[in-house]
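Heads up, the thing below is written out as structure tokens.
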Amino acid sequence: MSNVKQKIIPIQQIDRVLNPIHEATGMPNEAYTNPEYFKFERDQVFGSTWVCVGFASDLTKNGYVKPINFMDLPLLLMKNRQGDVQVFHNVCSHRGMKLIHEEGEVQGMIRCPYHSWTYDLDGNLKGTPHIGGIAKHKDERFKCENHGLKALRSAIWMDMVFVNLSGDAASFEEHIAPLEKRWKQFIGNDGLDLLRRVNMSGHIEIEVNSNWKLTIENFCEAYHLPWIHPALNSYSKLEDHYNIMFNEHFSGQGSLAYNLSDTAGTHLPKFPNWPEDKLRQAEYIALFPNVLIGIQADHAFAMMIDPVNTDKTVERLRIFYVGDEAMKDEYAACRTSTVESWRVVFSEDIIAVEGMQQGRYSPGFGGGAFSPEMDKPTHFFQTWLAKQVKSATEQE
């Protein structure tokens, strides 16, 4: 391990995370407060696996582009004329100029504002004005086909756009297969194909002054429900929850008594394959590192955790309903109630994650302890993270 990384987090502190839960401590404060560690995490933890960078349905029509800044990387979500979504580095191949600054529809070509090089919506370099001299727009010494926009390896699942920055992770199909297998009991083989987003509604964005990991850790456990979420605890009680941990990079909690439909009157169409004896069961799973997913009999949600810096995160939530029937006007009030119930829940979490981030600057806190039972999914996440950090540093 390099001296720089050793100074940020001594390996002994990583090893303590990997202890059995009753002896373990959490990741040390530097993992939440050190900007140098944040960049290391992007390149070595996020970079080596599949991470969510946006939502395909945010690209509202063919020929639409959306620039994003993911952990200081300028990326570009692009929907071509045929409706295919790809992700590119948002830089011109000529001199590295950032190409797109605002989302919107591209009428013709993407044009670099510096030297007016142009690209089509598949990333191909099409125009190079004066490249061979005045009025010489082609040059046999320069092959346009070698200088298109740089694409990232990408995949779309449940409307989320995933990328693998390093390019060498296992296939996304293999990555997501354990979760798809688990959820067949609820939605069958093709239930995700029924998910619908209605007129860009069900769209919640929450900015929190905390490190991205705290949002994941908080989501993984139900321990805090009675004190942070009194309303949610009234229709999905702490004692009705169970822990979920499987396949290294999934953990969270489930509820055996989720009944918002009775509490708020949100009677929406349900997944046709959802078992009648499990209509009140719901599961909330973190797909490491930056995705939170919830599934109920009558709707689902996906949240992208967008790490801005060590002390700031944006939570980008999209809510989906089941089938074309759920999109009708007669369900508008039910959809609104569902969105607002989740807005309350995730807004209530702000005080928790921001308070924990403030505590991370205290020399009196050294990573904390875990409840041997209630914190199992959170420790599962921290164990995954510690293994990624240890693996990356040992390769240096």
Side-chain angles (χ1 to χ4, degrees), residues 52 55 158-160 186 195 197-198 201-244 250-268 279-287 290-306 313-322 326 331 333-357 374-375 377-378 381:
C52 178
F55 296 89
M158 198 172 160
D159 193 45
M160 290 174 281
F186 299 115
L195 293 180
R197 188 170 164 199
V198 182
S201 63
H203 174 132
I204 299 173
E205 310 242 332
I206 300 173
E207 185 176 295
V208 290
N209 295 315
S210 65
N211 189 272
W212 69 273
K213 292 184 286 296
L214 295 174
T215 294
I216 302 290
E217 294 165 19
N218 178 72
F219 185 84
C220 282
E221 49 96 339
Y223 194 4
H224 65 283
L225 256 63
W227 306 282
I228 300 297
H229 304 302
L232 176 61
N233 194 59
S234 71
Y235 59 84
S236 186
K237 295 181 183 298
L238 174 62
E239 57 266 31
D240 296 319
H241 282 71
Y242 56 92
N243 292 332
I244 297 172
F250 301 93
S251 78
Q253 12 102 31
S255 173
L256 297 170
Y258 176 87
N259 63 341
L260 178 67
S261 59
D262 289 351
T263 304
T266 54
H267 299 292
L268 288 157
L279 287 177
R280 290 192 172 184
Q281 191 166 348
E283 292 202 339
Y284 307 100
I285 291 177
L287 164 55
N290 75 323
V291 167
L292 309 178
I293 318 167
I295 190 164
Q296 297 80 198
D298 60 1
H299 72 284
F301 68 75
M303 178 185 279
M304 168 196 171
I305 306 303
D306 190 354
T313 301
V314 180
E315 302 171 354
R316 306 188 187 279
L317 182 74
R318 305 292 184 269
I319 295 179
F320 307 95
Y321 306 96
V322 182
Y331 292 107
C334 294
R335 295 194 303 264
T336 299
S337 293
T338 301
V339 172
E340 290 310 307
S341 71
W342 287 117
R343 190 189 306 277
V344 168
V345 170
F346 287 110
S347 295
E348 287 171 341
D349 283 321
I350 294 174
I351 190 173
V353 295
E354 291 189 345
M356 286 188 289
Q357 182 68 13
M374 305 299 284
D375 286 326
T378 297
F381 164 65

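Because the structure is predicted, anything quoted here is derived from the model rather than measured.
- Between His224 and His229 the shortest side-chain heavy-atom distance falls below 4.5 Å.
- No donor-acceptor pair under 3.5 Å is formed between the side chain of Glu221 and the backbone N or O of Asp375.
- Here the closest non-hydrogen pair linking Ala222 and Leu238 is O-CD1, 3.1 Å.
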| Can you check side chain to side chain contact (heavy atoms under 4.5 Å, CB included) on Met158 and Leu195, steps first, answer last? | CA-CA 8 Å; Met158 198 172 160; Leu195 293 180; 3.8 Å; yes
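- Separating the CH2 atom in Trp212 from the CE atom in Met304 is a distance of 12.0 Å, to the nearest 0.5 Å.
- Rounding to the nearest 0.5 Å gives a distance of 8.0 Å between CD of Gln281 and OG of Ser255.
- By the 30° and 60° cut-offs, the orientation of the rings of Phe301 relative to Tyr284 is parallel.
- When side chains are defined from C-beta on, Glu283 does not count as touching Tyr258, because their heavy atoms never get closer than 4.5 Å.
- The line from CD of Gln296 to CZ of Arg280 is 13.5 Å long, rounded to the nearest 0.5 Å.
- More than 12 heavy atoms of other residues, nucleotides or ligands sit less than 6.0 Å from atom CG of Leu256.
- Here salt bridge (Lys or Arg N to Asp or Glu O under 4.0 Å) pairs that include residues 333-347, with residues two or more places apart or in two chains, are Glu340-Arg343.
- For the pair Thr215 and Leu292, the minimum side-chain heavy-atom distance is below 4.5 Å.
- More than 12 heavy atoms of other shown residues, nucleotides or ligands fall within 6.0 angstrom of atom CZ in Phe320.
- Residues Val339 and Ile204 meet the side-chain proximity criterion, which asks for heavy atoms closer than 4.5 Å.
- A pairwise comparison of heavy atoms in Ala326 and Tyr321 identifies CB-CB, 3.6 Å as the closest pair.
- For the pair Ile216/Ile305, a side-chain contact is recorded, criterion being any heavy-atom separation below 4.5 Å from C-beta on.
- The CG atom of Asp306 sits 13.5 Å away from atom CD1 of Ile206, with the distance rounded to the nearest 0.5 Å.
- Closest non-hydrogen pair, Val291 versus Met160, comes out as CG1-SD, 3.5 Å.
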| Working for side chain to side chain contact (heavy atoms under 4.5 Å, CB included), residues His299 and Trp342 | CA-CA 12 Å; His299 72 284; Trp342 287 117; 2.9 Å; yes
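- Ser251 and Pro377 make their closest contact through OG-O, 3.0 Å (heavy atoms, listed as atom of the first residue, atom of the second, distance).
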| Please walk me through it: do Tyr242 and Gln253 pass side chain to side chain contact (heavy atoms under 4.5 Å, CB included)? | CA-CA 6 Å; Tyr242 56 92; Gln253 12 102 31; over 6 Å; no
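- Among all heavy-atom pairs drawn from Asn211 and Thr313, the shortest one is C-OG1, 3.4 Å.
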| said: I'd like to know whether His203 forms a side chain to side chain contact (heavy atoms under 4.5 Å, CB included) with Arg197, so could you lay out the CA-CA distance, the side-chain angles of the two residues, the decisive distance to 0.1 Å, and finally the verdict. | reply: CA-CA 9 Å; His203 174 132; Arg197 188 170 164 199; 3.2 Å; yes
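- Taken from CD1 in Ile319 to OG in Ser341, the straight-line distance is 6.5 Å, to the nearest 0.5 Å.
- Atoms CZ and CG, on Phe346 and Leu317 in that order, are 5.5 Å from each other to the nearest 0.5 Å.
- Taking the six-membered ring for Trp and the full ring otherwise, the centers of Phe381 and Phe219 sit at least 6.0 Å from each other.
- The two atoms that bring Ala297 and Val322 nearest to each other are O-CG2, 4.3 Å, heavy atoms only.
- Counting only distance, with no hydrogens or angles, the side chain of Thr378 and the backbone of Cys220 share no donor-acceptor pair below 3.5 Å.
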